[in-house]
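Take a look at the structure set out below.
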Amino acid sequence: MRALKSFDYKILSGYMENYQTLVDEYKTQASQMTEQRYNRVNSIVKGITQVYNNATLQEQQLINMLWWNKQPYDIIADVLGITEYTIKHARAVILRRVAKRSIYL
């Protein structure tokens with residue numbers, strides 16, 4: 001697997017933020033998508049789902065707060081009892097997992 005660049009993290013973070021939209025697109029518009037788009041959305045949705053389901057409880061809370069509820073780092077740090085540096089590190093680890101489990105790379 002190649003090393004992720006800063007723009008990769010931005011793209012993957014966008015996938016995380018738009019997870020529910022991607023799920024809805026996958027479920028409702030599958031027949032209207034090109035095969036290439038369908039395969040890409042399918043891979044992203046399944047990759048994020050696998051990462052979330054295999055994550056620890058704290059990682060799941062982080063995913064919920066960071067991407068789906070869009071809480072700022074200082075609030076996440078207070079709620080989870082971790083530092084902002086730990087959040088940034090965990091964020092990168094989670095995004096690398098998503099990249100690995102989807103066809104991103």
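The analysis underlying the following values was restricted to heavy atoms, covering all of them including side chains, and did not include hydrogens, waters or symmetry mates.
Between Tyr15 and Val41, every side-chain heavy-atom pair lies at or beyond the 4.5 Å cut-off. Counting heavy atoms from C-beta outward, Met65 and Lys70 have side chains that stay 4.5 Å or more apart. Contact of the Met16 side chain with the Ile94 side chain is registered, since non-hydrogen atoms from C-beta on lie closer than 4.5 Å. Counting heavy atoms from C-beta on, the side chains of Lys46 and Arg101 never come closer than 4.5 Å.
Separation of atoms CD1 (Ile48) and CG (Asn53) is listed at 12.0 Å; rounding is to 0.5 Å. Rounding to the nearest 0.5 Å places CD1 of Ile82 at 11.0 Å from NE2 of His89. Note that the NZ atom of Lys5 and the CD1 atom of Ile11 stand 13.0 Å from one another [nearest 0.5 Å]. A distance of 10.0 Å separates CZ of Arg40 from CG of Leu22, quoted to the nearest 0.5 Å. With rounding to the nearest 0.5 Å, the separation of CD1 in Ile87 from OH in Tyr73 is 7.0 Å. How far CG of Asp74 is from CD of Glu84: 6.0 Å, rounded to the nearest 0.5 Å.
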>> Assess the residue pair Ile76 and Gln61 against the criterion (side-chain contact (heavy atoms from CB on, under 4.5 Å)); give the C-alpha distance rounded to whole Å, side-chain angles, the decisive distance to 0.1 Å, and a yes or no.
In response: CA-CA 9 Å; Ile76 297 170; Gln61 290 172 323; over 6 Å; no
>> Using side-chain contact (heavy atoms from CB on, under 4.5 Å), reason through Ser102 and Gln50 one step at a time and then give a plain yes or no.
In response: CA-CA 10 Å; Ser102 65; Gln50 286 175 357; over 6 Å; no
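When ring centroids are compared, Trp68 and Tyr52 come within the 6.0 Å threshold.
In this structure, Leu80 is not a member of the same hydrophobic cluster as Val93, with clusters built from ILVMFWY side-chain heavy atoms closer than 4.5 Å.
Inspection of the Gln60 and Asn64 side chains reveals no N or O donor paired with an N or O acceptor under 3.5 Å. Side-chain atoms of Arg96 and Tyr9 form a donor-acceptor pair, as typed in the model, at a separation below 3.5 Å. With no hydrogens or angles considered, a side-chain donor-acceptor pair links Thr49 and Tyr19 at under 3.5 Å.
In this structure, the side chain of Ser43 does not engage the main chain of Asn39 through any donor-acceptor pair within 3.5 Å. Asn42 contributes no side-chain N or O that, together with a main-chain N or O of Tyr38, makes up a donor-acceptor pair within less than 3.5 Å.
When the shell of 6.0 Å around CZ of Phe7 is examined, it contains more than 12 heavy atoms from other residues, nucleotides or ligands. Other residues, nucleotides and ligands contribute over 12 non-hydrogen atoms within 6.0 Å of the CD atom of Gln20.
Ala99 and Leu12 make their closest contact through CB-CD1, 3.7 Å (heavy atoms, listed as atom of the first residue, atom of the second, distance).
A salt bridge links Glu59 with Arg97: the distance from a Lys NZ or Arg NE/NH1/NH2 to an Asp or Glu carboxylate oxygen falls below 4.0 Å.
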